[in-house]
Each structure stands twice: as C-alpha cells, then as structure tokens.
Amino acid sequence: MGYGHLDRPAQFLKGVGPKRADSLKKLAIGTARDLLYHTPRRYDDASTVHAIDDLQVGMDVTIRGRVRSSGVIPTRSGLRIFQAVLQDESGMITCSWPGQPWLDRKIREGDQILATGPVKFFHGRQLHPREFTLLARAGKPGHGEADEATGRVYTSYPGTDDIPQWVLRRIFDANLDWLLEHAEEEEYLPAGERERLGLPSLPEAFRRLHRPSHLAEAEEGRRRVAFDELFFLQLVQALARHRELEEEPGIAHTRTNELIRPLHEGLPFELTGAQARVLREIYTDMTAPRRMNRFLQGDVGAGKTLVALFAMLLAVEGGWQAALMAPTELLAEQHALKLRELTWALGLELVLLTGSVTGAAREEILTGLASGRIPLVVGTHALIQEGVVFHRPGLVVVDEQHRFGVRQRMALVDGSESGAAPDVLVMSATPIPRSLALTLYGDLELSVLDELPPGRTPVKTLLRSSSRRDEVYSGVRKELDKGRQAYVVYPLVEESETLELRAATQEHERLAEEVFPDRKVGLLHGQLPGGEKEEVMRAFRDGEVDVLVATTVIEVGIDVPNATVMVIEHAERFGLSQLHQLRGRVGRGGGTSWCVLVSDPGEMARERLKIFTRTNDGFEIARADLQIRGQGDLFGAQQHGRDPLLRFADLTTDEELLLAARRLARQIVEADPELARPAHQRIRDLLQHRHAERLKMWKVG
Ligand code: ADP
Ligand code: MG
C-alpha cells in the first residue's frame, strides 16, 4: 500500500520528538495524517480585526497584539483578576480576565495574542476576552509566520495544556508543506469529477483549511473533507445494499387489484397525497424483480399502518404471505386488532403470533404459516424464533417505533426458506431529518409520510412552572371527570438526591394518596418485569386505571384514544424528539387533547421548550433538535468510541453535499461492485485502510 508517508508516527515529524508525540496523542494525533486532519476550530478574518486605537466602549471585537505587561490584581472582594496590556501598531488596551489568575502562567510578556470580547468601561476602556488564542510565544522563532505572510486569516487550533496553540502552530509551520505534498497520495477523485462537484483537490483542500487566504477558502476546504466523510459512509452502505440485493433474488410481485381495490373503495376517507405517493414508491419496488429494502418514516398518526396494509395486500394478491413485526406484545395486539378490522371484509385470515401464544394454538399457526394457508400474520420477536417457517414469505414489515435495532430486522428476512428473499419495509414513527436518515440508513430507500390526514385536532401544548402544579392537577381532574384518562411522565425511576427529581415511584404514591385519592393511579417504569409492564398497560388501555404515572417506557406507540392529557414533569430533561414521541400518546381520539410541560427551565431550555409548544410537526421538531443538540448525540449506537461519525460534515447544512456523495457512491457500486477497476483502486485501498471498522459493522468484506 502506498500510504507510507502519512502513516509516519507523529514522533518523527519535524519539531516533535517522543515527549511531544505523547502530548499529541491526547489530541488523538498519532500519525502525520492525524496532524493533517487536525484543522483549526476557528478562523478570524484579519480584515475584521480591529485596530486597538479604534475601540469604543460597547463594541464587541477581535483584536490582535503583543503583550507589553501582565500580572494578577487582587480586589477587595477577594476576586483575583489577570490583566494583560496588549499593543498593536495603533495603540494599547488592558485586557481583563476576572477570576482567572492562573492565566499568569500561560500568557507572558512579548506573546502575540488574538482576543475576542466586549469592550467595557472600567478605569477607561477594557477588553474582557471571551476567548483568546496565543498566536505566538515571545522570543520563539517561526511564530505565526504564515499568518503574517498571508496576513488575512488567523487560525486557532484545538490544543491542550501540553500542546498549546503556539506549539501546534510551530509544528504546522515546520511540516505543512511536506504534509500537503503527501496528501496527494490519498486523492481518489479524478480531476473531472472534482470539477463537476465543485470541490478542490485534497492537497488544495488542506492548504485552504490550514492556511486560508480568506474565510471562504477555509469553507471550501471543509466542504471537500466533509464530502469525503459522507462519501465513504455512503459507499459502505451502498456496498451493503448491493450485497443484500444481489445475494438472493427478489420477488417481482404481481398486482391484480383483487384485494387492493376493495380495501381502497371501502375506506371511509381519501388517502393523503403523501400516502398515495409513498404507495406508488412501494408498489414500484415490490413489482420490480429485485428486493425492496425501504425505510418509511412518518409522524405518529400519519397513516403508516394503512400504507403497510396496502403493501401486504399487494403481496397476498400475487400468492405470497406477509408479516408485520412489532417491538412489544401490546403493539402487536394493537396492530392485529386494527388490521383485522380492515381485512375482515376482504375475507382474509390474519393471525397474531406472540410469546404468549403457546401450545395447540401456536402449533396451528405454525402449520398454517408453513403450508401457506395463513396469508397475514402480525407478531413480535416470536415471529423469528426457531420453528417458524413461511411457505411463501413475500413481504416483511417491521414496525420499529425506534426501538428495534435496524440490523435486527435482517434476522427475520434471513429466516425465510423459500428461494427468493421477501421485500422489507421498515417503519419508524420517529421523524428524523432527511439528511440524518440518509446517513444512518444509507443502504435503504427512503419514503416519507410528511402529511397528516385532515381533520386532526392538534394537541394543545402548554409550558407551566412547577409553582403552578396545582393548577395543572385541576386541569387533569377536569378531563378525568369527563371520563378521560391521563399520563403523568417523569424522567427518572428512583429518587436522586443530587438531581432532586420527582421520581416516578415517589410521585406515584403522592398522586395516589394526596392528589387523586378517589381515582385509580397506576405505575409503569422500565424496571418492572416485562410481564408486569404489559399488565399495567393493558389495565390502562381497558380503562381500569385513570392516571398512569410512567417513565419514558410509554414512548413506544401505545394507543389509548381515551387518554387526553399528558403531564410531563421536568420537561427540560427530555430531548425534543423524545417529547414529541411522548406527546404522540395523546390526541388519538376526537376532541381536544392537552400536553402540559411542567418545568422551571433556564433560558436555553426555555427557548427549546417554546419551540416545542409552538409546533406539532415532528419533522420541524427533529430539525430543531438536530440544530440544538448537534448531530453527534443523534448517532447513538453508530458512534464508535470518541471517534465521531462525522467531524467535518454538518447534516443541518450539508444535505446537498450528502446527496452528491450518495449519488456518486451508488453509481460507483452499480458500475463496479467489487471496486476492481484500476480507476477505483485507490478508493478500495482507502476503504480497507481507513474504514475497516465500518466495513465490519456493515458486514461487507
Ligand atoms: P401511524 O401508524 O402512522 O401512527 P395509523 O396508520 O395508525 O398511523 O393511522 C392513524 C389513524 O388515522 C387510524 O385511525 C387510521 O385509520 C386513520 N387514517 C389513516 N389514513 C387516513 C386518511 N388518509 N384519512 C383519514 N384518516 C386516516
Ligand atoms: Mg420486489
């Protein structure tokens, strides 16, 4: 492999040595390549750096200057303030860091500093830096020369106490030319392709990232490495998709309309535009000879189940069987009930297979599935257990409700014994932004139900401080008096002294004894054994419990139309998407439903919760969540160690780039699935060399 140069241990770079190499490891820099990818976290355009002489009280500015003098000043209140006088060509100003006396050990006379913050009036003008960068150490050669040379943009690198800014800067000054020269070795995009995509070459991209001559250049550099990240992610998924599609032949379903038409004509409503569109996508996939592997997203109540049923009927029309798998028994029961209602008139048999179906009943179902007599089955994991064999499995619908692992669904599909592999439709009620869906499920096709059926009354959402809790309870009581039911949700199970959260167990007692003594109050939390959980849910569904005190376990789509209020305590502790899932538990019947967030949030959290009270649109909430929490949080299990899935790409802004990366990845895999062509040699090497972990995860060799 021709990657020798960038694999060179950092220790052997100019100006590094064993001791600094150790310190660099703390920044996750072990090789020359790591250093190349250690790009500035911040850029300041010199043209926006103010001359010190021009500063006026009230401005918020960035300045650059040399430290003339510095020291720690005690105050009467005992606060110790570090101060440094900065000088540039135009004048001098005092910078003050209250409460940070330790800076005395970091900043010295003669250092070059870039500082950003407000100019305040305090014995004259004073800058109070929010942030500063030590551009160059006093008396050290080579400080920030490149900055001086281009004179346009100041870069700030992530550093540590051991490897501060100015040391990193010197290491880059000594090695960057060499690094850029060898960056060429990893270029996998031909010039024509780069031009088409509007991306610079790799060496050029890194030059722009480390030494931009203006801010736009740094962004162009970032776009290039962001593209690479997205491309290799999509490439692995395209390979996985290819393997899944090619390994076993698919089924070309035949559509006779024998079942689809009567179902359609019997519906008391019209399909939404989104449902019709998604059904066309599904039918096209299913009737094509290759396997369908599709991911269907849609908010709670968007009508996914109905879409799934139409797809199942298409399979059955052509003589195949269809299965729907749900994450819990209760959900499976719920689906079975709903689907039976709809298929009853069609004269189709639909069975329910869960863990509690045993003995003769189970035997009968197994026989019916194996002989092909039973066309439709709804179930849980029981569907993928030993001994469950389908005669002609044509379609598997997996209702993930965001609880199943995506990888798990494959087990069901692999379990089939017919020659052809059934089509797969994965449904999720957790809206996530398109860019995130395409990143996490890049091997699947994506369908989105982004339209709710008409006539829904949106859930009314309120934000209340804890001091108004009594008021909230009387609101709940009003609904209970009308014969309705309520949820009260808490973030934790056990009382935690440090967090002072009102844990569900304690609160259950209080609500049952003091607040609603005349009502039946149930308790549901994650630490109850599985069977008991289902028991409590069932009691609530059947109206035997009026108020259900619960932790987030109820997120998983339980459907109790008579529940019209949801009180969420400590709402600030939940992510927006999680709140949205919780809220989806109410508003399922007619009439008005309420969601009350009880919280005493700080300013940031208040802003977040306010967004939530203003909209019922899951996709809008998901976008806001992505923006607020950042993408790292949302990757969950896909995140490996401290190596982020995406370092340079930003899913809130890079959707175009992602689509381009996806197109190219799929195009390459379609044309050359083994990546055997000479033109793809470097891509192949890079995959094996740099993305081995991911290849393993997606099981592509
Ligand atoms: P999801 O599975 O996406 O949460 P469902 O399929 O359970 O949603 O649909 C929720 C409710 O809306 C069901 O009672 C269903 O019959 C009804 N529904 C589905 N599609 C439509 C439509 N196009 N117009 C009116 N009601 C619909
Ligand atoms: Mg097909």
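Whatever order the structure lists them in is the order used to number ligands and atoms, beginning at 1. All figures in this text were calculated on a predicted structure; none of them were measured in a lab.
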Salt bridge (charged side-chain N to carboxylate O under 4.0 Å, His left out): pairs with one or both residues in residues 378-391, sequence neighbours excluded: none
Ring pair (Phe, Tyr, Trp, His ring centres under 6.0 Å) against F295, all qualifying residues, sequence neighbours excluded: Y441
Pairwise side chain to side chain donor-acceptor pair (under 3.5 Å) hits with a residue in residues 338-351, at least two apart: E349-R373
D299 versus H580, side-chain donor and acceptor atoms under 3.5 Å: yes
Separation between CE of M312 and CG of D423, rounded to the nearest 0.5 Å: 13.0 Å
Flag, side chain of Q297 to backbone of M427, donor-acceptor distance under 3.5 Å: no
Could you pull out every N or O of ligand 1 that sits under 3.5 Å from a protein N or O, with the distance for each pair?
residue  : atom   : partner : partner atom : Å
ligand 1 : 2 (O)  : T305    : N            : 3.3
ligand 1 : 2 (O)  : T305    : OG1          : 2.7
ligand 1 : 3 (O)  : A302    : N            : 3.3
ligand 1 : 3 (O)  : G303    : N            : 3.0
ligand 1 : 3 (O)  : K304    : N            : 2.8
ligand 1 : 3 (O)  : K304    : NZ           : 2.8
ligand 1 : 4 (O)  : G301    : N            : 2.7
ligand 1 : 6 (O)  : K304    : N            : 3.4
ligand 1 : 6 (O)  : T305    : N            : 3.1
ligand 1 : 6 (O)  : T305    : OG1          : 3.3
ligand 1 : 7 (O)  : T305    : OG1          : 3.4
ligand 1 : 7 (O)  : K338    : NZ           : 2.5
ligand 1 : 8 (O)  : G303    : N            : 3.1
ligand 1 : 12 (O) : R456    : NH2          : 2.6
ligand 1 : 20 (N) : Q275    : NE2          : 3.0
ligand 1 : 23 (N) : E270    : O            : 2.8
ligand 1 : 23 (N) : T272    : N            : 3.4
ligand 1 : 23 (N) : Q275    : OE1          : 2.8

